[in-house]
Amino acid sequence: MANAIIQARAVEKFYVQPDGNRIQVIAPTNLEVVSGKIVALLGPSGSGKSTLLRMLSGLSTPSSGEVFWHGQPISAQPPNVAIVFQSFALFPWLNVLENVEAPLEARGVAAIERRKRALKTLDTVGLDGFETAYPKELSGGMKQRVGFARALVVEPEVLFMDEPFSALDVLTAENLRGELLELWLSKKIPTTSIFVVTHNIEEAVLLADRVIVLGKNPGRIRADFEITLPQLRERKSDRFVEYVDYIYNTMTQPDAEHALPAQEQAPTGAVRPQRQKYQMLPHARPGGIAGLLEILADGGGKDDLYSLAEKLAMDADDLLPIIESCTMLGFATLKEGDVEITPDGAAFVEADIQTRKMIFRHAALKHIAILQCIDSVLRAKLDHSIPDEFFHDILDEHFSQDEVERQFETAMNWGRYAEIFDHDPENERLVWTDPSSEANPSTVVAGE
């Protein structure tokens, strides 16, 4: 392809074992990264997404095959690329400005020039005024902004991103996606192509012009197609959901044929089968949720997010997970910075301990997909119990490895408080709670 920046020709990755056998991670693969497009790479855990990214960026050498940069072997010349990692990977002993200058210093850029470029890039990503702050003083979203600045300051032709939003809370991740897209569409960054690895299907459809879906054992391309929706995209539109469903079906039913969404708008009366979607649960405990609702109720039912944070002597970023939990459960709303308790939230505040559990249970089973799944599976099992690991595996298909344990812990806290299930730590099993307690609140045992 004439405008291909990177070409991978029959690249393969395998590891030779002491007995001579090979563990093949990536099957021989052909792939091109072209100018002017955002490419999203999706696949289940273990499919080799990050391995393929490292080979395309020159960080890792293929076991066979070759990667080309503008038609020349990538091994013969350093490619003009940069990588944003999931884990921020900042130097804790350097301040924000020094972290952003670091790659320029490594390239031998003069001090005055690298200071000028670093300050300009920090301003571009919205970090003007934070130059002297250290990583420990920054929220997760601000740390990742530093990561973006550090990658963009070298003016890469291709920007690689390895699950850059998965370690962030929902609202922060959404804001950063929007800001990245705005910088890209307005051409405020010098990058001519973005290659992003993600496990989030909606994120891929939201950002990408082209989506590549990997299978695993070994990793190979199952689908490679263009997203024809114009930017900015509406998550609730029929076409958007059709792309999401197509990718989901391609990943979960690899042996079946799946038709790409048609170019034309789907009929408005069409009925689309629904699939289970697992939200990222904010990491807040039931006690914190109850406390925030009580504070809102005492203050007349409504308050401004930032004044609320100031009253509680908390950072807004620390308060957000609790507010997100309340809104997710239908106990509060957040609009334009104002937090307002809902009738369900007010009922929760006014209830006694036992009734609070009942209200929380109904809200959780109405709004939280993973708790719906746990309840359904435990009800269906003859012994009404199942190993923890079963749900770890389910979550593993939706979240990064580090996030799975945190999601499970939050689901455990909410589910046990709501008495949807109990936990047998000795056997590491979840056990269904008898639903007859719903009909008789007096039988609910107080306490988590």
Does Arg429 pair with Asp388 as a salt bridge, N-O distance under 4.0 Å?
no

Taking it one step at a time, do Leu365 and Asp375 satisfy side chain to side chain contact (heavy atoms under 4.5 Å, CB included)?
CA-CA 8 Å; Leu365 291 178; Asp375 181 65; 3.8 Å; yes

Is any side-chain heavy atom of Gln407 less than 4.5 Å from a side-chain heavy atom of Ile370?
no

In this structure, CE of Met280 is separated from CZ of Phe165 (nearest 0.5 Å) by 12.5 Å

Please name the pair of heavy atoms, one in Gly48 and one in Val25, separated by the smallest distance, quoted to 0.1 Å.
CA-CG1, 4.3 Å

Main-chain N/O of Lys120 paired with Thr124 side-chain donor or acceptor, under 3.5 Å:
yes

Crowding at CZ, Arg54 (>12 non-hydrogen neighbours, <6.0 Å)
no

Indicate the atoms forming the closest heavy-atom contact of Ser57 with Pro79, along with that distance.
O-CG, 3.6 Å

Sub-3.5 Å donor-acceptor pair from the side chain of Ser376 to the main-chain atoms of Cys373, do we have one?
no

I'd like to know if the side chain of Arg233 reaches the main chain of Val205, judged simply by a donor and an acceptor atom lying under 3.5 Å from each other, with no hydrogens or angles considered.
yes

For Glu202, is there an ion pair with Arg235 - N to carboxylate O distance below 4.0 angstrom?
yes

Of all residues at least two apart in sequence or in a different chain, which pass the side chain to side chain contact (heavy atoms under 4.5 Å, CB included) check with Asn21?
Asp19

Kindly compute the distance separating CD1 (Ile5) from CG (Leu56), expressed to the nearest 0.5 Å.
12.0 Å

Inspect the contact between Glu182 and Lys188 and indicate whether a charged nitrogen and a carboxylate oxygen are less than 4.0 angstrom apart.
yes

Do any N or O atoms from the side chain of Thr410 and from the backbone of Leu281 form a donor-acceptor pair under 3.5 angstrom?
no

Could you walk me through whether Phe240 and Leu229 pass the side chain to side chain contact (heavy atoms under 4.5 Å, CB included) test, one step at a time?
CA-CA 8 Å; Phe240 190 99; Leu229 300 178; 4.2 Å; yes

Parallel, tilted or perpendicular: which fits the ring planes of Phe348 and Phe360, with parallel below 30° and perpendicular above 60°?
tilted

Counting C-beta onward and ignoring hydrogens, is there a side-chain heavy-atom pair between Leu292 and Leu308 closer than 4.5 Å?
yes

Donor-acceptor contact below 3.5 Å, side chain Arg222 vs main chain Met251:
yes

Taking the side chain as everything from C-beta on, heavy atoms only, tell me whether Leu378 gets closer than 4.5 Å to Val431.
no

Contact summary for His423 and Pro425, nearest pair of heavy atoms:
O-CD, 3.2 Å

Judged by atom type as modelled, is there a donor-acceptor pair below 3.5 Å linking the side chain of Trp414 to the main-chain atoms of Ala284?
yes

Taken to the nearest 0.5 Å, the spacing of Arg9 CZ from Phe68 CZ works out to 4.0 Å

Please work out whether the ring planes of Tyr246 and Phe225 are parallel, tilted or perpendicular, with thresholds of 30° and 60°.
perpendicular

With the threshold set at 4.0 Å, does a side-chain nitrogen-carboxylate oxygen contact exist between Arg239 and Glu234?
no

Quick one: CG on Leu52 to CD1 on Ile221, what's the gap to the nearest 0.5 Å?
7.0 Å

Note: Val196 and Pro164 closest approach over all heavy atoms is CG2-CD, 3.9 Å

Mind checking what makes side chain to side chain donor-acceptor pair (under 3.5 Å) contact with Lys49, not counting sequence neighbours?
none

Mind checking whether Val211 and Leu42 have side chains closer than 4.5 Å, heavy atoms only?
yes

Are the side chain of Lys37 and the backbone N or O of Arg210 linked by a donor-acceptor pair below 3.5 Å?
no

Side-chain contact, heavy-atom cut-off 4.5 Å: Ile194 with Val158?
no

Other residues, nucleotides, ligands: >12 heavy atoms within 6.0 Å of Phe85 CZ:
yes

Quick one: do the Gln77 and Gln72 side chains pair a donor with an acceptor below 3.5 Å?
no

Heavy-atom nearest pair, Val11 first then Ile26, reads O-CG2, 4.1 Å

Going by atom types alone, do Asp422 and Thr433 pair a side-chain donor with an acceptor below 3.5 Å?
no

Examine distances only and state if a side-chain atom of Arg220 and a backbone atom of Ala27 form a donor-acceptor pair shorter than 3.5 Å.
no

Hydrogens and angles aside, do Glu203 and Thr198 bring a side-chain donor and acceptor to less than 3.5 Å of each other?
yes

Would you say Asn80's side chain and Glu155's backbone share a donor-acceptor pair under 3.5 angstrom?
yes

Measure the shortest side-chain to side-chain distance between Phe421 and Met412 over non-hydrogen atoms and say whether it is less than 4.5 angstrom.
yes

Looking at side-chain heavy atoms only, is the closest gap between Leu94 and Asn99 below 4.5 Å?
yes

Would you find a donor on one side and an acceptor on the other, under 3.5 Å apart, between the side chain of Asp209 and the backbone of Ile38?
yes

Does a side chain donor of either Glu12 or Ser64 reach within less than 3.5 Å of an acceptor in the other side chain?
yes

Do Thr228 and Tyr243 get their side chains close enough for a donor-acceptor pair, meaning under 3.5 Å?
yes

Just checking, any donor-acceptor pair under 3.5 angstrom between side chains of His70 and Glu157?
yes

Do Asp304 and Val339 pass the side chain to side chain contact (heavy atoms under 4.5 Å, CB included) test, and can you show the C-alpha distance, the side-chain angles, and the key distance before you say yes or no?
CA-CA 6 Å; Asp304 175 79; Val339 188; over 6 Å; no

Do Val125 and Glu179 come close enough that some side-chain heavy atom pair is under 4.5 Å?
no

Carboxylate-amine/guanidinium contact Arg406 Glu409, below 4.0 Å
no

So OH of Tyr15 and CD of Gln17: to nearest 0.5 Å the spacing works out to 10.5 Å

Trp69 vs Ile6, test: side chain to side chain contact (heavy atoms under 4.5 Å, CB included). Steps then yes/no.
CA-CA 5 Å; Trp69 174 263; Ile6 299 173; 3.6 Å; yes

Ile359 CD1 to Phe331 CZ distance, which is reported to the nearest 0.5 Å:
7.0 Å

For the student: nearest non-hydrogen atoms of Pro321 and Pro282, plus distance
O-CB, 3.2 Å

